[in-house]
Amino acid sequence: MTDETAPSTSLKTLIADRRRKLQRAREEFEIDPFGQRTDGLVSLTDARASYDAAADAAFKEDAATDARPIVKVAGRVMQHRVMGNLIFMQVRDAEGDLQIAISKKAVDRPSFLIAKMVDLGDIIIAQGPLGTTKTGEISVWTTGEGSFELATKSLAPPPGKWHGLQDAEQRYRKRYVDMYANPRVIETFRQRSGIVAAVRQLMGDEGFLEVETPMLQPMAGGAAARPFGTHHNALDMPLYLRIAPELYLKRLLVGGMSKVFEINRNFRNEGIDRSHNPEFTMLEAYEAFGDLYSVMDLTEKVFQHVAQTVLGSTQLPYGDDEIDYGQFRRVKYLDLFEEHNGFAVTVSEAGAAGAEQLIANAKFLGLETEGKDHDVILNDVWEETVEEHLVQPTFVIDYPASLCPLTKRKPDEPHIAERFELFIAKMELANAYTELNDPDVQEANFRQQVAGMDEEEATFRAVDEDFLEALRVGMPPAGGLGIGIDRLVMLMTNSQSIRDVILFPLMRPQ
RNA sequence: GACCGGGUAGCUCAGCUGGUAGAGCAUCGGCCUUUUAAGCCGCGGGUCCUGGGUUCGAAUCCCAGCCCGGUCACCA
């Protein structure tokens, strides 16, 4: 083209170049640069798989006997090399890449000129037999009238073909670019989909009924987090985005459902880091007549089933570690404390043995001890000294009851709560309880919790009287379980940040 | 919210003991029927995140702010 504008590559100019080609496509070639429905397309992976080496060899021997399979494919242009009268381009779809070769002799003139004018990032359609090039690359040898089409013109310059999009901020903000620039992204989310499906399948096989309970709640209950607030106009009432489905799922046990689960979003108005996003997906399950140990077995099955069916192995890498999902250690909270601190302690209600050494240790670690209860200091030291060692799957059991006021206590050891937390790769993956179903104890705990609230907490937390009424109607003894699905996906896909397993993580507006 | 690190061309990055900016790829132009990170040759391309300050002079030093990442706090 004879163009008077000075060559330049500012963003403006790059876009102008593309708009010029858009115009040219419409005016000179009289085509719609944004295409339409196209039938008969095969994926690039399937196309590659249908390459027939024998037919290709026979064709190269004698071009008159062409039995090469013909495919019609579409993809986004990742590389574009114009070699005079021969054009190569590498295109990409959700599953992989494939090379398209356009020989001037094999196609009509408009097809060739359009192929020549294509920009990186455009989506194209090509049709022709599968053959190889001199270097052995399987390629679609575009052949025939209209065998090369522009399906969608891209007006935005793509990231570099070699380094792709590296900037974490841009990757999360422009996920649609990240996805095609970094093929691993689609693969991760394909796996996420498989993981969630596998969890559902297992839960169904185990006899659990999937349910959906309110995300908009008049009171935010079931966990200790701060909620997001919102408002219903017609009813003119404040509402909260749920922080947990727990209190509703338990109502279902009261009503007579025996095994229920929900996989859905929770919203917690807390900080953001590598393992926390304000909205996250949780599996929560309740099993009537079960307990801590029945849901522990279930948890183990979930992890093993997912690892085996989605990743094909129960030994999977995570960062520098190799995680073995074949074996889950079960160990008591206080035993782990002793293991990593070298001395034994007991909880307050059991006499607080080792308290002096505990306080000395806490101070040595730089932890605040003034005015704190023995069990709180114990937990601070525990988190500081134990968690970093919990790499292989570990069920921590027998938590101090004082730290879990809403959990049933062990009948024979009342100062110990019937709770477990599952740690893998130093992350908390699951949390479970033998659920408290004594309405009077639950009510007393609730009221005590509410009495200790500060002003801010009092705005969104209140005693859920209807839930207490449900417990009075009678909830069977039960085991309850929560598994963080995003973290599960992180582990299975070897992702170091929760943002890598959430399609659109929360970002501040630019 | 606190602390640390980062923000330079469309992309990936140099430059940061102050002298007003570089590379590779992409783009643009030319040549070319076998390239594959990159065929060959050539030309360009920048509010150096924003706003102040110091200085003869600031991408560079100082202050404030914005956005991102990491640690911590909160929490799962």
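Just so it is clear: chains get the letters A, B, ... in the order the sequence lines come, proteins before strands, and each one is counted from 1.
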Between B:rG7 (C1') and A:Glu169 (CD): distance, integer Å:
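Interatomic distance, CD of A:Glu169 to C1' of B:rG7: 8 Å.
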Suppose you measure atom [atom1] in [N] against the same atom in [M]; what distance do you get, rounded to whole Å?
N	M	atom1	result
B:rA21	B:rG44	C1'	15 Å
B:rC4	B:rG65	P	13 Å
B:rU47	B:rU8	C1'	12 Å
B:rG5	B:rG24	C1'	26 Å
B:rC62	B:rU17	P	11 Å
B:rA37	B:rA23	C1'	16 Å
B:rA26	B:rC66	C1'	29 Å
B:rG70	B:rC32	C1'	50 Å

Which nucleotide in [options] has an atom nearest any side-chain atom of [X]:
X	options	result
A:Phe88	B:rU34, B:rU12, B:rG10	B:rU34
A:Leu120	B:rA26, B:rA76, B:rC67	B:rA26
A:Lys161	B:rA37, B:rU34, B:rU33	B:rA37
A:Arg499	B:rC74, B:rU34, B:rG70	B:rG70

Is [X] touching bases, backbone alone, or none of the nucleic acid, heavy atoms closer than 4.0 Å?
X	result
A:Gln99	base
A:Glu137	base
A:Ala224	sugar-phosphate
A:Asp97	nothing
A:Arg508	sugar-phosphate
A:Asp273	base
A:Gly484	nothing
A:Met507	sugar-phosphate
A:Gly164	sugar-phosphate
A:Arg18	nothing

To check you understand the geometry: which heavy-atom pair defines the closest contact between A:Phe208 and A:Tyr286, and what is its length?
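Smallest interatomic distance, heavy atoms only, reads CE2-O, 3.5 Å.
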Closest heavy-atom pair and its distance - A:Thr188, A:Val501: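 Shortest heavy-atom contact: CG2-CG1, 4.2 Å.
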Parallel, tilted or perpendicular, as decided by the 30° and 60° cut-offs, for the rings of A:Phe420 and A:Phe395
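Correct class here is perpendicular.
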For A:Tyr172, run the side-chain hydrogen bond (donor to acceptor under 3.5 Å, both in side chains) check against A:Asp500, A:Asp167, A:Asp178 and tell me which one passes.
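Result: among A:Asp500, A:Asp167, A:Asp178, A:Asp500 is the only option passing the side-chain hydrogen bond (donor to acceptor under 3.5 Å, both in side chains) with A:Tyr172.
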Report yes if at least one side-chain N or O of [X] is closer than 4.0 Å to OP1 or OP2 of [N]; otherwise report no.
X	N	answer
A:Lys116	B:rC32	no
A:Arg81	B:rC40	no
A:Arg226	B:rC75	no

B:rG45 -> Watson-Crick or G-U wobble partner, both distances under 3.5 Å, gives none
**Q.** Backbone of A:Phe337 reached by a side-chain donor or acceptor of A:Asn341 within 3.5 Å
**A.** yes
Handout entry: A:Val118 backbone acceptor or donor facing A:His80 side chain under 3.5 Å
Key = yes
